[in-house]
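First comes the structure, then the notes that go with it.
Numbers restart at 1 for each chain; the letters A, B, ... are given by sequence-line order, proteins then strands.
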Amino acid sequence: MSENTTSPLSWPFREAERIAERLKQKGKDHALFETGYGPSGLPHIGTFGEVARTSWVRKAFTDLTGLPSRLLAFSDDMDGLRKVPDNVPNKEMLREFIGKPLTKIPDPFGKFASFGEHNNNMLQDFLRSFGFEFEFASASDYYTSGRFDDALLHVLRHHDDIVNIILPTLGPERRATYSPILPIHPRTGIVMQVPIEQVDVASGTVFWTDPDDGLKYETAVTGGSAKLQWKADWAMRWYALDVDYEMSGKDLIDSVKLSSSIVRALGKEPPVTLTYELFLDEKGQKISKSKGNGLSIDQWLTYAPKESLSQFMYHAPQRAKKLFFDVIPRATDDYIAAATSLPTAEKPHDNPAWHIHGGVLPEHAGSPVGFGMLLNLASVINADSPEMLWGFIRAYIPGADADSYPFLAKLVHHAIAYNRDFVAPAKKFRAPTEVERAGLTDLAQSLTAGEQGQFPGETPAEKLQNLVYAVGKRHPFAPLKSWFDCLYQVLLGTLEGPRFGGFIALYGVERTVTLIETALARG
RNA sequence: GAGCCUGUAGCUCAGUGGUAGAGCAUCCGACUUUUAAUCGGACGGCCGUGGGUUCGACCCCCACCGGGCUCACCA
């Protein structure tokens with residue numbers, strides 16, 4: 001509201017303006033946002049992106065208009081199971097239920113009343129774990145409770161219109177059998193994709209034939225005895241619930257067009273929609289659950305805080321983005337920069353951190369040290385414990401610790417994981433030469449003997465540094481720099497490294513000795 | 001066939017109708033007991049091509065060329 005309206009708005013506010021305009025035209029005083037879920041898959045990184053982005057638009061809408069709104073997370077759990085997913089137990093059992101609504105199939109995990117319910121719970125847990133505000137909706141509930149009945153009868157009245165909208169988009173084979181109405185077989189419980197031979201608007205039923213045994217059936221479209229085919233289902237939902245906003249991936253562009261046409265045929269305006277680009281993997285291929293390419297949400301959250309994932313999702317939704325490992329550090333540093341500049345931002349609505357945190361920046365947001373720097377540091381010193389990193393961080397920020405910099409503490413934790421899983425395994429430890437071998441052996445013995453106590457220096461780090469220096473001078477290293485090069489390349493697997501005395505002080509004398517012994521054994 | 005995205009420094013990418021930006025890479029320097037993260041500086045771009053609108057275009061419009069994805073079975 002305080003935004004300068006002559007300047008371009010951030011995309012969530014642009015979307016919010018479109019919604020406000022729609023509400024104005026319809027005379028509505030509240031907005032319904034919807035996100036939809038396919039039935040078979042588990043929540044994934046795209047799910048997160050869609051709900052996060054929708055939530056940002058919703059927040060912008062609230063800020064812009066002050067009007068109430070709801071976010072409905074709608075699960076199409078009445079959909080028929082097409083194939084048995086790879087990543088579930090009890091595949092044999094599931095095979096017997098192919099074609100039936102997910103809420104009529106036993107939970108292969110044995111935890112819930114049905115497979116659909118299992119997936120619904122997974123989804124809700126997932127969304128709650130990120131703190132999203134939403135209301136959950138189950139298609140099965142809505143259908144069987146009669147909540148969709150009026151809309152379904154309306155669809156029946158416009159059956160031919162809908163068929164005429166969809167038919168031109170179908171291939172010849174499917175065209176012969178298409179109907180927006182899928183009766184549930186009264187005997188087998190399977191969601192039937194059969195030609196609808198006759199529509200009886202007055203009684204609210206359709207007539208069809210079982211292709212297996214030739215028996216004819218008359219099935220009510222209401223009360224959960226039938227459901228709608230996907231595009232018609234989407235349109236009916238928009239119609240019945242009066243959805244005002246829904247975003248979707250560009251793979252659904254045609255579906256949005258058709259569903260919009262259908263909802264107009266039913267007599268309402270489709271919601272404001274936004275098409276976002278898909279996520280690609282490193283090679284530019286679409287990320288798909290079945291292929292398992294790209295990055296999972298668990299992977300991301302192992303190596304960076306969730307704010308960085310939000311940052312990634314915030315930026316330019318309508319632009320295709322590669323989602324693979326290397327984007328994590330940048331997204332994290334982008335978030336840190338945004339969080340740092342937000343308190344003094346002239347136009348806070350343009351700042352991703354404003355959206356990510358719902359307008360209120362939490363205490364201790366941001367970090368005085370960048371994530372990229374931490375990753376470098378962790379790599380250079382081969383950090384395998386938070387305290388090692390903190391020791392070096394305090395060279396910049398005296399007295400810093402996890403209590404005074406909680407967000408930095410998270411970054412430290414992630415930097416260690418990143419180093420452990422990606423940097424450390426790729427390191428090449430050079431074998432020592434004979435001269436170096438003698439020097440390293442000497443260093444290990446000197447450390448074990450506690451000789452550092454004989455050297456001058458205010459701190460243990462200084463004494464240790466002097467010891468390392470003295471050992472180098474005892475051996476024929478020329479120049480002496482080659483002694484230090486040896487330490488980094490043979491012991492740490494890096495070309496260059498930290499002041500070694502400081503490293504030993506933080507890493508520990510005994511562990512350093514072990515490090516040397518390991519290197520000697522390896523060589 | 002239809003649709004969407006994209007082309008900016010060597011690489012990966014930001015960017016705004018008004019003097020082209022970052023990170024990495026490269027080079028120089030500072031700090032350091034000849035050693036790191038770090039810090040300072042330099043180098044580096046007809047902003048794909050050609051038109052148009054404009055006082056002014058990397059930005060808006062059109063065409064073309066190149067790169068890529070998605071949908072055309074299901075959802």
From [options], pick the nucleotide closest to the side chain of [X]?
X	options	result
A:E277	B:A14, B:U38, B:C4	B:C4
A:A320	B:U70, B:U34, B:C5	B:C5
A:K250	B:U32, B:C13, B:C69	B:C69
A:N376	B:U35, B:U70, B:U38	B:U38
A:E496	B:U34, B:U70, B:U35	B:U35
A:D76	B:U35, B:A75, B:C4	B:A75
A:R330	B:G15, B:A22, B:A75	B:A22
A:D254	B:C13, B:C71, B:U35	B:C71
A:M373	B:A37, B:G15, B:C71	B:A37

Check if the side chain of A:R499 and the base of B:U32 share a donor-acceptor pair of N or O atoms closer than 3.5 Å. no
Can you check whether any acceptor in the base of B:U35 is under 3.5 Å from a donor in the side chain of A:Q465, or vice versa?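 Yes, the side chain and the base share a sub-3.5 Å donor-acceptor pair.
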Answer with base, sugar-phosphate or nothing: what part of the nucleic acid does [X] contact at a heavy-atom distance below 4.0 Å?
X	value
A:L278	sugar-phosphate
A:L252	base
A:G502	nothing

May I ask you to evaluate whether A:R319 reaches the phosphate of B:G15, defined as a side-chain N or O under 4.0 Å from OP1 or OP2?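 Affirmative; the distance criterion is met.
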Are OP1 or OP2 of B:A75 and a side-chain N or O of A:Q229 less than 4.0 angstrom apart? yes
[atom1] atoms of [N] and [M], separation to the nearest Å:
N	M	atom1	value
B:U32	B:A36	P	12 Å
B:U19	B:C71	C1'	45 Å
B:C5	B:A57	C1'	22 Å
B:G10	B:G66	P	23 Å
B:C65	B:G50	C1'	10 Å
B:A2	B:A14	C1'	32 Å
B:G41	B:A22	P	11 Å
B:A20	B:C58	C1'	8 Å

Using purine N1 to pyrimidine N3 plus N6-O4 or O6-N4 for Watson-Crick, or N1-O2 and O6-N3 for G-U wobble, both under 3.5 Å, which nucleotide pairs with [N]?
N	result
B:G66	B:U6
B:C13	B:G21
B:C47	none

Using a 3.5 Å distance criterion without hydrogens, assess whether the side chain of A:R175 forms a donor-acceptor pair with backbone atoms of A:T169.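 Flag not set: sc A:R175 to bb A:T169 has no pair under 3.5 Å.
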Backbone N or O of A:Q489 within a donor-acceptor pair of the A:R430 side chain at under 3.5 Å?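 Not a single qualifying donor-acceptor pair exists.
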Starting at atom [atom1] of [X], determine the distance to atom [atom2] of [N], rounded to an integer number of angstrom.
X	N	atom1	atom2	answer
A:L274	B:C4	CG	P	14 Å
A:L170	B:C71	CG	C1'	13 Å
A:F477	B:U35	CZ	C1'	14 Å
A:K321	B:C69	NZ	P	18 Å
A:L258	B:A75	CG	C1'	13 Å
A:K231	B:C71	NZ	P	11 Å
A:D350	B:G15	CG	C1'	13 Å
A:R82	B:C73	CZ	P	14 Å

Geometric class of the A:Y303/A:F422 ring pair [parallel <30°, tilted 30-60°, perpendicular >60°]: perpendicular
With RNA chain B as reference, determine whether A:W230 or A:Y488 sits nearer its 5' end, using the nearest nucleotide of each. A:Y488
Comparing A:Y469 and A:T275 on RNA chain B - which has the more 5′ nearest nucleotide: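 With A:Y469 and A:T275 compared, the 5'-side residue is A:T275.
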Charged N to carboxylate O under 4.0 angstrom, A:K231 versus A:D254?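 No, this pair does not count.
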Going by heavy atoms in the side chains, are A:W483 and A:F500 under 4.5 Å from each other?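 Counting from C-beta outward, A:W483 and A:F500 never come under 4.5 Å.
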When you compare the side chain of A:F455 with that of A:Q465, does any pair of heavy atoms fall below 4.5 Å?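 No. Closest side-chain heavy atoms not under 4.5 Å.
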Assess, by modelled atom type and distance only, whether the side chains of A:D77 and A:T103 contain a donor and an acceptor separated by less than 3.5 Å. no
Does the pair A:F279 and A:F324 meet the rule for a ring pair (Phe, Tyr, Trp, His ring centres under 6.0 Å), with working shown? CA-CA 9 Å; A:F279 299 111; A:F324 66 107; over 10 Å; no
